[in-house]
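Heads up: the structure comes next, in structure tokens.
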Amino acid sequence: MSSKITNFLLLLFFAYLTYSTGSSMKRWMDSKQVVQFEFLGTSAKADALISSAAWQTPDAEGFTQSDRLQRATRWDFLYIMSYVLCFIALARSVLGPQDKRIKPMVLLLLAAGLADTLENVLLLQILDGARGTYPAAMFGLASLKFGLLLFFLIWLVIAVILRFSKKSSQA
């Protein structure tokens, strides 16, 4: 099997895994709420939110918002692995596995995945009662993760545009 087909099949597999894992996460908590929690930034805001009636009152299924966020975050560890591998497969599919930009893109994505993983650990610790600098560190890691992912996507789009414009000028 050619490397183009292999890369495309890996892209499809990891895209499906990312989609299905994301759907499982959303069953527990909406992405918007998760992101809002990641960007609380202070112990006071974390305390206020977690101790609020909306977060402490069980829903119809018997889960509090804290329970739901813990479950969504546990799914997020698989989601991190799947989106990192999906983006790697995407870059390899559209740029080619031998492209010199692939290696630094992979390192960038691994850094984003590591930041996301550390952010999840802090999030779970905060839900378990830890405070101190944890909310601020979680804010920083979330900012880093989103910044790195945005940088990757912009870089990939520019690389694809340059690649196709180069091919067009050679034709």
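Looking only at distances, a side-chain donor or acceptor of Ser20 sits under 3.5 Å from a matching main-chain atom of Leu17. Arg163 places a side-chain N or O within 3.5 Å of a backbone atom of Leu95 that can act as its donor or acceptor partner. Formation of a donor-acceptor pair under 3.5 Å by the Thr42 side chain with backbone atoms of Lys45 is found in this model. Of the possible polar contacts, one joining the Ser43 side chain to the Gly132 backbone as a donor-acceptor pair under 3.5 Å is found. A distance-only check finds a donor-acceptor pair linking the side chain of Ser165 to the backbone of Leu162 [under 3.5 Å]. One N or O on the side chain of Arg131 and one on the backbone of Ile126 form a donor-acceptor pair closer than 3.5 Å.
For Arg74, there are no side-chain hydrogen bond (donor to acceptor under 3.5 Å, both in side chains) partners, not counting sequence neighbours. In this structure Gln70 satisfies the side-chain hydrogen bond (donor to acceptor under 3.5 Å, both in side chains) test together with Asp128, sequence neighbours excluded.
Within 6.0 Å of CZ in Phe77 there are more than 12 heavy atoms belonging to other residues, nucleotides or ligands. For Trp75, the CH2 atom sits in a loose shell: 12 or fewer heavy atoms of surrounding residues, nucleotides or ligands are nearer than 6.0 Å. At most 12 heavy atoms of other shown residues, nucleotides or ligands fall within 6.0 angstrom of atom CD in Gln98. Shown here is Phe63, whose CZ atom has more than 12 heavy atoms of other residues, nucleotides or ligands within 6.0 Å.
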Applying side-chain contact (heavy atoms from CB on, under 4.5 Å), run through Ser31 and Lys26 and close with a yes or a no. CA-CA 6 Å; Ser31 303; Lys26 285 180 184 176; 3.2 Å; yes

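Between Arg101 and Asp99 a salt bridge is recorded (basic side-chain N to carboxylate O distance below 4.0 Å).
Between Asp116 and Tyr79, the side chains place no donor N or O within less than 3.5 Å of an acceptor N or O (distance only, hydrogens not considered). Thr64 and Asp67 are linked by a side-chain donor-acceptor pair at a separation below 3.5 angstrom, with hydrogens and angles left out of the test.
Between Trp55 and Phe37, the two ring planes are parallel [angle under 30°; tilted spans 30° to 60°]. Relative orientation of the Phe146 and Phe39 rings is parallel, given thresholds of 30° and 60° on the angle between their planes.
Between the CG atom of Leu109 and the CZ atom of Phe152 there is a distance of 4.5 Å, given to the nearest 0.5 Å.
The two residues Gln56 and Ser51 make their nearest non-hydrogen contact at CG-O, 3.9 Å.
Side-chain contact between Trp155 and Pro104 is present, with heavy atoms from C-beta onward closer than 4.5 Å.
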